[in-house]
Engineer: 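Here it is, the structure, as structure tokens.
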Amino acid sequence: MQTNFIPIDYDYFDFQGKNYIKIIGRTDTGKRICVIDDFQGSFWAILKNNFGKEKINKLITKIEKIKIYEAGRESKVEKVELHDKNFLGKPVKALKIFVTNFKDAHRIADKLGYKEIFKRREYDLDLITKYIMEKKIIPFKLYEVSGQVLNNSQEFGWIDSSMDIDLCIKAEKIKQLKKEIKSKEIPFKPKVLAYDIEVDDLKIGGGEILMVSLVSNKIKKVISLKKSNQKFVEHAKDEADLLNKFIKEVKAQNPDFLVGYYSDGFDLPYLKARAEKNKIKLALGIDNTSVKFSRGRNLTAKISGIVHIDLLRFIKTAYAQYLQSETLSLNEVANELLGERKKDFEIKHSKSLGEDEWLAFHEYNLQDSILTYKLFQKMWPDMLEFSRIMQTPIFTVSRNGMSKNVESYVIHNLEKFNEIVEKRPVHEEISKRRLRPKYEGAFVLQPKPGLYENLAMFDFTSMYASVIVSYNLSLSTHLNGDKFSKQRGFFPKMLEQIINYRKKFKIELKKNPNPMVKARSNAYKLLANAAYGYQGFFGARYYCLEAAAATAALAKKSILDVIEKIKKQGYHVVYSDTDSIALLLKNKTKSQTLTFLKQLNKNLPGIMELDLEDFYKRGIWVTKRTGDFGAKKKYALINHKGKVKIRGFETVRRDWCRLARNLQNKIIRMVLKEGNEKHAVEYLKDITKKLKNREIDKKLLIIKTQLKKPLDEYKAISPHVVAARRMIEKSMPVDMGMLIEYFVAETRSKKALVRDKVKLVGEKGEYNIKYYLNRQILPAVENILQVFDINTKELIEGKKQMKLGEF
DNA sequence: GGTGCATCCTTACC
DNA sequence: ACAGGTAAGGATGCACC
């Protein structure tokens, strides 16, 4: 039997003490297939120099005899091979040691205390990684498998009949099909089922599940404890019935992906806990196994044969830094990425829901799954490309952070360099690394405050990555101190390849815009940007603080050199931060400036590249609030099309109240558009008057601050901590990571601290005029108007001066 | 009990 | 613990008078 298929999910199992790989995929005709592949795991023993053939053979004989009995099984060295390999760029002789069961690789490696052995490596990789590395069966690429069909076969203990699949093949040969998948097409349309639950008690398993919604391209339904004549609602007579109906529906849909939003941390653990309570097995796996959880920093929920995706995890690594949303809630993210929102519904305890409210609740629940489904579709190209490029199953790659993604990419591209994989740092090593002093980072130029006209912004493309490539900075090329070898290392070479791919797909995207090429280009961009952080990250296999420090230092030197050249050419440099430079054109034209930019590029080292980010009509830089010199990381620009770019100002900070943010935003825009402060001052006066007359909507005065750690770990009791404590008193849910909302109210108390005036949003009380005037509005506009020599304090307080702290 | 510096804390920039 | 350093700025903590 022979068929084409795409690998989606990977797993392995033991049979008679040996490991077998189990790949779940789809055939090119859409059938769900399970491919079972024989795979013997192995690790490396790298030999010290200068051992003759005879000595090596003796060693091999000794190693071949190693056997261990542990965890109720016998494992032994099955085979030893001598290879010429590279380790950290240097040629070595190494023994490839094959073991019966790879789970015992570490224990067997521990038995290799021979003086001839320099290092033992790759026993700390997982078997799936080893398999993909060696056999190159990469997720979502097309393969042709031939072998024996298992149909009610007793092979592997009737494994095929234990799974809900269309076809099971014991592989004899798996061959990659060279058929190039056209980048325009998405090669395979996954079957997706999105889900979401509603409960009264947010504590995992703390109360009954009221309803669960399920959405695919075929169904839109809510299974609910509440009877309803809404067409999409299926009634469950009790929670056990609800759970069974849920399981049955998932099985009926038979999806490739079961998708939730924060479902690793909430929906699936909740379902599992309630299933246990009802003595029901949450047997969602295609082999009828239950959901499995693994604890890391985050809870992770795995279902055998169906890829469980928690969209929030992927959003955090691949999207968060490019999103404007202030939180990563489903509502905000869906609004930004899809232009759709959750249904308006004020959640309250199910006991107090009226009949109409149940209808709305059902719709609300359904909408969450609809949004989750649509978000998945939107992100699918990105996840697919991540999986293919990192050569890592989508279950894993969608949960990994960027450092792990860089590492996966490196590990799976090492074979081109004949390299053995370096080990993961263990606990002591990590602690040691974390104690190392920080190195000096980027250069930030102190700006001179003012309103400027006719500017350009230059920036280096993927600056740190191109520094790493241009100066060959990595662990394997590190000699000593700040010295690095001239001989090109695998890490910089791989990174250069990444940058080249990024360029190639960016160009392709311009010619032919489509989501797949965009996703590919973006994945390479994210990889390039994370490479620097990776080398400085204490958990990295290829950690090299010297390389990270040198990268930062050489980047700094490069930008300072360029700034000098720009000045010499007669431009005025206003500002610079890390990889960008803002300059005044003065008497120069745009085209002269572009010519000059080309000239600058000719003299840059290696692959470094300086780009024009944009030309700007005006820009404003302000003073720091403390001191009369320019504030870094705070500026605003307007380009010639009228597009405004605001950085660092309170406008973009979520821990300032809306009133102050909106006011500052308007004032910045007025000033940039008009080039003077006239309208801005009028607008400020108007808002001030309204605030003093208590005409401002309290919604605009809410301050939101995130609880970054458990409440009892705070040393300083700040306003948001007080607010959170009050919430607990009122038995409102308070969790680490939550945005705490409060406003500052008028109080009779003479205490001066803000925290003594904190009130929760729902609480009665009038807003504190002096606080919002002196600590929100004034600080937000003061330094902007100061550029025009306006004393804002006098303006809004009248002639009578007031101390800043007073309110 | 007010002053002023240190420290904590959050959130931004790149 | 899950990429790095640089920076602004609010609010409290606390020694000091």
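Small disclaimer: the values here were computed from a predicted structure and weren't measured. Letters A, B, ... mirror the listed sequences (proteins, then strands); counts begin at 1.
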Engineer: Do the two ring centres, one from A:His720 and one from A:Tyr714, sit under 6.0 Å apart?
Structural biologist: yes
Engineer: If the test is salt bridge (Lys or Arg N to Asp or Glu O under 4.0 Å), which one of A:Lys704, A:Arg661, A:Arg653, A:Arg654 qualifies with A:Glu326?
Structural biologist: A:Arg661
Engineer: Closer to the 5' end of DNA chain C via nearest nucleotide, is it A:Phe537 or A:Phe443?
Structural biologist: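 By nearest-heavy-atom nucleotide position, the 5'-most residue is A:Phe537.
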Engineer: Rounded to whole Å, please give me the gap between CD in A:Glu407 and P in C:dA1.
Structural biologist: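 Rounded to the whole Å, the gap is 17 Å.
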Engineer: C:dC2 P sits how many Å from A:His427 NE2, rounded?
Structural biologist: 14 Å
Engineer: Using atom CG of A:Leu299 as one end and atom P of C:dC2 as the other, report the distance to the nearest whole Å.
Structural biologist: 17 Å
Engineer: Can you classify the ring geometry of A:His106 versus A:Tyr123 as parallel (below 30°), tilted (30 to 60°) or perpendicular (above 60°)?
Structural biologist: tilted
Engineer: Do any N or O atoms of the protein come closer than 3.5 Å to N or O atoms of nucleotides 11-14 of chain B, and which pairs are they?
Structural biologist:
| from | atom 1 | to | atom 2 | distance (Å) |
| --- | --- | --- | --- | --- |
| B:dT11 | OP1 | A:Arg654 | NE | 3.1 |
| B:dT11 | OP1 | A:Arg654 | NH2 | 3.4 |
| B:dT11 | OP1 | A:Gln706 | N | 3.0 |
| B:dT11 | OP2 | A:Arg654 | NH2 | 3.3 |
| B:dT11 | OP2 | A:Gln706 | OE1 | 3.2 |
| B:dT11 | O4' | A:Arg653 | NH2 | 3.1 |
| B:dT11 | O2 | A:Arg653 | NH1 | 3.1 |
| B:dA12 | OP1 | A:Val652 | O | 3.0 |
| B:dA12 | OP1 | A:Arg654 | N | 3.2 |
| B:dC13 | OP1 | A:Gly648 | N | 3.1 |
| B:dC13 | O2 | A:Lys633 | NZ | 2.9 |
| B:dC14 | OP1 | A:Tyr635 | OH | 2.5 |
| B:dC14 | OP2 | A:Arg647 | NE | 3.1 |
| B:dC14 | O3' | A:Asp579 | OD1 | 2.1 |
| B:dC14 | O3' | A:Asp579 | OD2 | 3.3 |

Engineer: Can the positive tip of A:Arg399 be found less than 6.0 Å from the middle of the six-membered ring of A:Phe395, inside 45° of the ring normal?
Structural biologist: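 Yes.
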Engineer: Taking atom CZ as the centre, does A:Phe538 end up with more than 12 heavy-atom neighbours from other residues, nucleotides or ligands that are less than 6.0 angstrom away?
Structural biologist: yes
Engineer: Quote, to the nearest angstrom, the P distance that separates B:dT10 from C:dC2.
Structural biologist: 15 Å
Engineer: Taking the basic N atoms (NZ, or NE/NH1/NH2) and the acidic carboxylate oxygens, is any pair closer than 4.0 Å for A:Arg520 and A:Glu385?
Structural biologist: yes
Engineer: Can you tell whether the side chains of A:Glu782 and A:Arg625 come within less than 4.0 Å, N to carboxylate O?
Structural biologist: yes
Engineer: Indicate, with a heavy-atom threshold strictly under 4.0 Å, whether A:Gly539 touches base, sugar-phosphate, or nothing.
Structural biologist: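 Here A:Gly539 touches no strand at all.
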Engineer: What distance, rounded to whole Å, do you find between the two P atoms, one in C:dA1 and one in C:dG5?
Structural biologist: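 Approximately 16 Å lies between the P atom of C:dA1 and that of C:dG5.
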Engineer: Can you tell me how far P of C:dA8 sits from CH2 of A:Trp621, to the nearest Å?
Structural biologist: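 Result: 15 Å.
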Engineer: Check every strand shown and say whether A:Gly533 touches a base, only sugar-phosphate, or nothing at a heavy-atom separation below 4.0 Å.
Structural biologist: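 Base: the residue A:Gly533, judged by heavy atoms under 4.0 Å, touches a nucleobase.
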Engineer: Taking NZ, NE, NH1 and NH2 as the nitrogens, is one of them in A:Glu429 or A:Lys432 under 4.0 Å from a carboxylate oxygen of the other?
Structural biologist: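 Counted as a salt bridge, because a side-chain N and a carboxylate O are separated by less than 4.0 Å.
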Engineer: Going by an N to O cut-off under 4.0 Å, is there a salt bridge joining A:Arg726 and A:Glu763?
Structural biologist: yes
Engineer: Give a yes/no answer on whether the side chain of A:His720 brings an N or O atom under 4.0 Å of OP1 or OP2 in B:dC9.
Structural biologist: no
Engineer: Give one of base, sugar-phosphate or nothing for A:Gln535, where a contact means two heavy atoms less than 4.0 Å apart.
Structural biologist: nothing
Engineer: Tell me what A:Ala530 touches on the nucleic acid: a base, only sugar-phosphate, or nothing, going by heavy atoms under 4.0 Å.
Structural biologist: nothing
Engineer: To the nearest Å, give me how far apart CE (A:Met463) and P (C:dT6) are.
Structural biologist: 15 Å
Engineer: Whole-Å distance between C:dG4 C1' and A:Tyr532 OH?
Structural biologist: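 Whole-Å distance recorded here is 4 Å.
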Engineer: Can you tell me how far P of C:dG5 sits from CZ of A:Phe538, to the nearest Å?
Structural biologist: 10 Å
Engineer: May I have the distance from A:Gln664 (atom CD) to C:dA8 (atom P), rounded to whole angstrom?
Structural biologist: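 Rounding to the nearest Å, CD of A:Gln664 and P of C:dA8 are 16 Å apart.
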Engineer: Would you sort out whether A:Tyr575 and A:Lys633 count as a side chain to side chain contact (heavy atoms under 4.5 Å, CB included), showing the intermediate values?
Structural biologist: CA-CA 9 Å; A:Tyr575 183 63; A:Lys633 299 186 186 285; 3.9 Å; yes
Engineer: Would you tabulate the pairs of protein nitrogen or oxygen atoms and nucleotide nitrogen or oxygen atoms of nucleotides 10-12 of chain C closer than 3.5 angstrom?
Structural biologist:
| from | atom 1 | to | atom 2 | distance (Å) |
| --- | --- | --- | --- | --- |
| C:dG10 | OP1 | A:Arg625 | NE | 2.7 |
| C:dA11 | OP1 | A:Tyr771 | OH | 3.0 |
| C:dA11 | OP2 | A:Arg775 | NH1 | 3.1 |
| C:dT12 | OP1 | A:Val754 | N | 3.4 |
| C:dT12 | OP1 | A:Arg755 | N | 2.9 |
| C:dT12 | O3' | A:Arg755 | NH1 | 3.2 |

